[in-house]
Protein chains: 2
Amino acid sequence: SQDLGIAKEEDFVLTSTTREEVTAASLSNVEDGDTLYVLQDKNQELSAQVRERVSFLPHYDTIVKGGMYEYYASEGQNPLPYAFAELIDNALAAVSDNKTSRKIEIRLHLDDNYIFVLDNGRGMSSRQLNNWAVYRLSKFIRKEKKALEEEIERLPFNAPRSLNSDISYFGVGGKQAVFFIGSSTRMITRPKGHQDVHELTISKDQFEEKEKNREAIYSGFIRNRKAADACHTNEGEELLRDVILEEKDKDCFTTVVITGINPTHIPYLKGNFNAWTTQLAHIYHFYLHGPNGNVANESERSKFFKNIDISVKLCVRGREPQVMHLRDVVNDMQTRCIRTAASAFEFKATVEGTGIVEGVLRYHPFLYDKETFPHDPFEIKEEDQEETSDTRPARGRRPIFECYWNGRLIPYTCIEDFDWCAAPKKAKHVPLECFNRVSGVLWTNDKFQVSTNKLTFMDLEMRLKDKNTAYCRVIGKNQEKRTDIGKEFSSWLAECHEKHDKQIRFSHFTGSTLRPDL
Amino acid sequence: SQDLGIAKEEDFVLTSTTREEVTAASLSNVEDGDTLYVLQDKNQELSAQVRERVSFLPHYDTIVKGGMYEYYASEGQNPLPYAFAELIDNALAAVSDNKTSRKIEIRLHLDDNYIFVLDNGRGMSSRQLNNWAVYRLSKFIRKEKKALEEEIERLPFNAPRSLNSDISYFGVGGKQAVFFIGSSTRMITRPKGHQDVHELTISKDQFEEKEKNREAIYSGFIRNRKAADACHTNEGEELLRDVILEEKDKDCFTTVVITGINPTHIPYLKGNFNAWTTQLAHIYHFYLHGPNGNVANESERSKFFKNIDISVKLCVRGREPQVMHLRDVVNDMQTRCIRTAASAFEFKATVEGTGIVEGVLRYHPFLYDKETFPHDPFEIKEEDQEETSDTRPARGRRPIFECYWNGRLIPYTCIEDFDWCAAPKKAKHVPLECFNRVSGVLWTNDKFQVSTNKLTFMDLEMRLKDKNTAYCRVIGKNQEKRTDIGKEFSSWLAECHEKHDKQIRFSHFTGSTLRPDL
Ligand SMILES: Nc1ncnc2c1ncn2[C@@H]1O[C@H](COP(=O)(O)OP(=O)(O)OP(=O)(O)O)[C@@H](O)[C@H]1O
Ligand SMILES: Nc1ncnc2c1ncn2[C@@H]1O[C@H](COP(=O)(O)OP(=O)(O)OP(=O)(O)O)[C@@H](O)[C@H]1O
Ligand SMILES: [Mg+2]
Ligand SMILES: [Mg+2]
């Protein structure tokens, strides 16, 4: 209805920018904000350049499908534990300056389609809760500058083995995880020192609804209320109500409520409870047990991290709930490695431009009639594995090193070996099989980068194998030995073999005897 | 300035939702849209629940850093070729129904900080160009329903070896790639059958500028103009202007213009030109040479895909430009495997609920004094590799199978072997080393899922190794053999060994003789 300055007698056509003529019949195809041309004929050349305003808001699948193609399976592993790990990461960061208990609880009510992840950490203000929902808003670019500075000051940068509780980086982990697990998330949180509880829900249904109604996709409401006020819950939400009523006894906290659980996850979560809780215990081994890990001798275990309690509770209707405190797990691979090790070899790698990687090698001796190198009880064995050629003893063909980033396992990056600890082609001082009795761990902080799904390191192996990377053995309380690490390793390995391998060799078979005393 | 219904004599405080008092001094901290409370005292309990409107637009790092932690390096490989591959994927999809030539060109002007990726495909309308910029708007949810239906109809679903030219899935690839390579992208495109050219630029600087000015982050302008109209280019943009002037001679096309090239990429792109173009030739091997690959005998090579021409041109100041047509590459691993193979064993896997995976195994015989299994000339050899134990002949410890998805290589997923083709523990009919003379390829379509960065399959190995997956040998033109595949494989391998392995054994060393005829 604007005057376009067209003389009455002129012929003209109205077209879209794709040069389709807009007629009375096709008018309904024109959408709000579409640019139209007034032309003398449909195929007229544009006499001048035309700028057409467009908007390109990321589709909500950015959030809803963020994790779907990221936590992929590998080597027969189900990726679900890694999604839960993202939520534990966030909770561990949140409890990092709790004075007394650091409590993290996963509660699975699978028959009722609820998963709760609760922590008694510092919680979030409504502004922080709002920021939680902003995809890719990492702590490095967040507006709450003051808080960040405090946070950085608080961080124990020289934490042994990088157990700094600062396991956040990209601003995507939590969102990817919850939408991998289910289709709707309610965050309930009460920040430290404040009396109000804040709630925010984002869900696939909401997004779809808003798209349908042409509302702003990325907007919603934070609900501010007093603690334990559940008057906004509906019928059928009894479990949610119960969790809200628990707020009465709590100081600060965060509760992640996931619903719309992807049905394909349910059989795995129910049927493989031991396997996946053990995997979580493995991922957080050093947070659960301190820098020395879950050594058998309790007096040697670190007390520093002892008040971390991560538990998983599985509620299935008609059965007693099953609870697993991750620090009670003793069959995770780290515990097994630590407890079967006869000797340890600690070292440091100094990497150009970044700092320090800590490492340990452990020797799992041959005792009497078998290797003591531990086996993962949950490993899926291929049926015919046993029959293939090239079976190597003890560690088999697995790489030596597992790698931890800020104290948590990055599961898909393993490092085979380094020059100085690889088996030579021909045995020199020790039998070749001794090289296969070695397991190892590496610890880095976030000076090394990981992929957004925290499943792989991006640059660790390359930089560790750089020719400028220097290795040295560490003895006792952080004392570095100047001797060539290869020599140190060789003599350590030779010593391990001599001292710890105990092989019985039967020289002559004389027939079997029945021992009546057994 | 609203009347809040507070009686004059009442005392009240104004606080933020974090209960910080808003005073004249702190008023500047209050941002637009912030919710404030009017309370009797700062710590008063909320008498009723309060809903506070929030918005949580994804941060622009969603786009700008989308690829940064995704195209990670692995095993010493530089991930840059995989970023270029995303742009080639898009171009291949765009040229899929070109009748005559299908031309894709990468031009690198590294001294001038420009990279162009040009194709003569169907281009994009301004609406489609707008959709290009929408992160995570996959073809499955796009609004241009009509176009999609046409597209689906057009797709050769039964393309041999899944060479269907339909290498798009998530709606993120191109954006991730360009922002991994540089910091600004201009898309220039002219859709098939239309005379107008459309341009859209998105860049890190733009995003930052808009954030600073509190403008809508995800909005911009598409410039519509006639072909070869470069009047909007500035001084210093001569290369861009030249590319625009080339539009004169073109029908439909798309040109991706990347600037702000990440300086860390430049030495690699210049110094490893042969290595990374060869890697691209490997990724698109079957698009370049057809389903049979780059066989030595030209008459056996497929003509179907012959009009695909992907080229890379490297311009460095003061040197002649270097041009590589990918179909001329003969030292990529696929070509080497195909050309050293003495025999091939084709098979099919029928996977529950999905359809078909095609596969081939090839035998690389031992000839006279050495293995013919090819070696990757660009592989980074670890210095001490040779000295370690457990060196196996020919393929070494590498997995057998490389895997292609919709005809393009998914580089990080390799499959070691299947039960029926794995080496047994003890040699039975053929020597064990014969099993190590085998290479293989698997082809799937998008019934199998890949991760968003197209570097790994998510479920291929698991589903192939499922007990319900059935394998059968394929002979000649798609004829399936019913016999047990393990038996078929064994007899094929035995035959390969007998017919093709030619070993000379010198029984007795009698001293060296100088042959005067050489
Ligand atoms: N349980 C929690 N307690 C307190 N704050 C939390 C909690 N979970 C998340 N947050 C806040 O929300 C932010 C976003 O979490 P999210 O996991 O999505 O990304 P991130 O942790 O910042 O980065 P990453 O992608 O590495 O996980 C966190 O940085 C943190 O400030
Ligand atoms: N060279 C091109 N010619 C024509 N259309 C293109 C071209 N490049 C991109 N597009 C269009 O832009 C869309 C977005 O491209 P982008 O690579 O970001 O995601 P995608 O290809 O849809 O999915 P994926 O994440 O699997 O790459 C494509 O689906 C296609 O419609
Ligand atoms: Mg996180
Ligand atoms: Mg793409």
Side-chain angles (χ1 to χ4, degrees), chain A residues 17-19 43 45-46 49-59 61-62 65 69-70 72-73 76 125-127 130 133-137 170-171 194-196 216 218-226 229 232 384 387-390 392 419 422-425 432 449 451-452 456 458-459 462, chain B residues 17-19 43 45-46 49-59 61-62 65 69-70 72-73 76 125-127 130 133-137 170-171 194-196 216 218-226 229 232 384 387-390 392 419 422-425 432 449 451-452 456 458-459 462:
Chain A
T17 55
T18 59
R19 302 292 185 108
N43 294 319
E45 257 195 357
L46 287 179
Q49 298 195 345
V50 180
R51 295 197 334 153
E52 175 179 2
R53 180 144 212 125
V54 292
S55 98
F56 45 90
L57 208 62
H59 189 270
D61 275 352
T62 302
K65 293 198 176 160
Y69 299 88
E70 300 301 332
Y72 41 85
S125 66
S126 65
R127 163 83 34 116
N130 184 2
V134 177
Y135 195 82
R136 205 97 207 184
L137 182 69
F170 301 103
H194 290 271
Q195 73 263 64
D196 298 337
Y218 296 101
S219 80
F221 289 96
I222 287 181
R223 183 183 298 271
N224 300 320
R225 57 170 175 79
K226 59 185 181 220
D229 174 357
H232 58 304
D384 296 295
E387 279 186 43
T388 59
S389 67
D390 185 47
R392 291 194 283 166
D419 287 352
K425 204 161 187 173
L432 279 182
Q449 296 187 316
S451 59
T452 33
T456 40
M458 293 175 58
D459 52 1
M462 239 163 50
Chain B
T17 54
T18 59
R19 302 294 184 106
N43 295 319
E45 257 194 357
L46 287 179
Q49 298 194 345
V50 180
R51 295 197 334 154
E52 177 179 359
R53 180 145 211 124
V54 292
S55 97
F56 44 90
L57 208 61
H59 189 270
D61 275 352
T62 301
K65 293 198 177 160
Y69 299 89
E70 300 302 332
Y72 42 86
S125 66
S126 66
R127 166 81 38 114
N130 185 168
V134 177
Y135 195 81
R136 206 96 208 185
L137 182 69
F170 301 104
H194 288 271
Q195 74 262 64
D196 299 337
Y218 296 101
S219 80
F221 289 96
I222 287 183
R223 183 183 298 269
N224 300 320
R225 57 170 175 79
K226 59 185 181 219
D229 173 357
H232 57 303
D384 296 295
E387 282 185 42
T388 59
S389 67
D390 184 46
R392 291 194 282 168
D419 287 353
K425 204 161 188 173
L432 278 182
Q449 295 187 316
S451 59
T452 32
T456 40
M458 293 175 58
D459 51 1
M462 240 162 50

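Chain naming here is simple, since letters A, B, ... match the order of the sequence lines and numbering starts at 1 in each. Note that the coordinates shown come from a computational prediction; the quantities given were computed from them, not determined experimentally. Reckoned from all heavy atoms, side chains included, excluding hydrogens, waters and symmetry mates.
The two residues Ser451(A) and Phe170(A) come nearest to each other via the heavy atoms O-CE1, 3.6 Å. Annotation for Leu432(B) and Ala423(B): closest pair CD2-CB, 4.3 Å, computed over non-hydrogen atoms. For the pair Arg53(B) and Ser219(A), the tightest heavy-atom approach, listed with the atom from each and the gap, is NH2-OG, 2.8 Å.
With a 4.5 angstrom heavy-atom cutoff, Glu52(B) touches chain A via backbone and side-chain atoms both. Heavy atoms of Ala133(B) lying under 4.5 Å from chain A belong to its backbone as well as its side chain. Only the side chain of Asp196(A) comes within contact range of chain B, with heavy atoms under 4.5 Å apart.
Partner Phe56(A) forms a side chain to side chain contact (heavy atoms under 4.5 Å, CB included) with one of Leu137(B), Ile222(B), Asn130(B) and no other, that one being Asn130(B).
Considering only heavy-atom pairs separated by less than 4.5 Å from chain B, the leading option among Val134(A), Leu46(A), Val54(A), Asp229(A) is Val54(A). In terms of heavy-atom pairs under 4.5 Å with chain B, the best-connected choice from Leu57(A), Asn224(A), Val50(A) is Asn224(A). Counting heavy-atom pairs under 4.5 Å between each of His194(B), Arg136(B), His59(B) and chain A puts Arg136(B) at the top. Of all the listed residues (Gln449(B), Glu45(B), Arg225(B), Gln195(B)), the one sharing the greatest number of non-hydrogen pairs under 4.5 Å with chain A is Gln195(B).
How far CD of Gln49(A) is from NE2 of His232(B): 5.0 Å, rounded to the nearest 0.5 Å.
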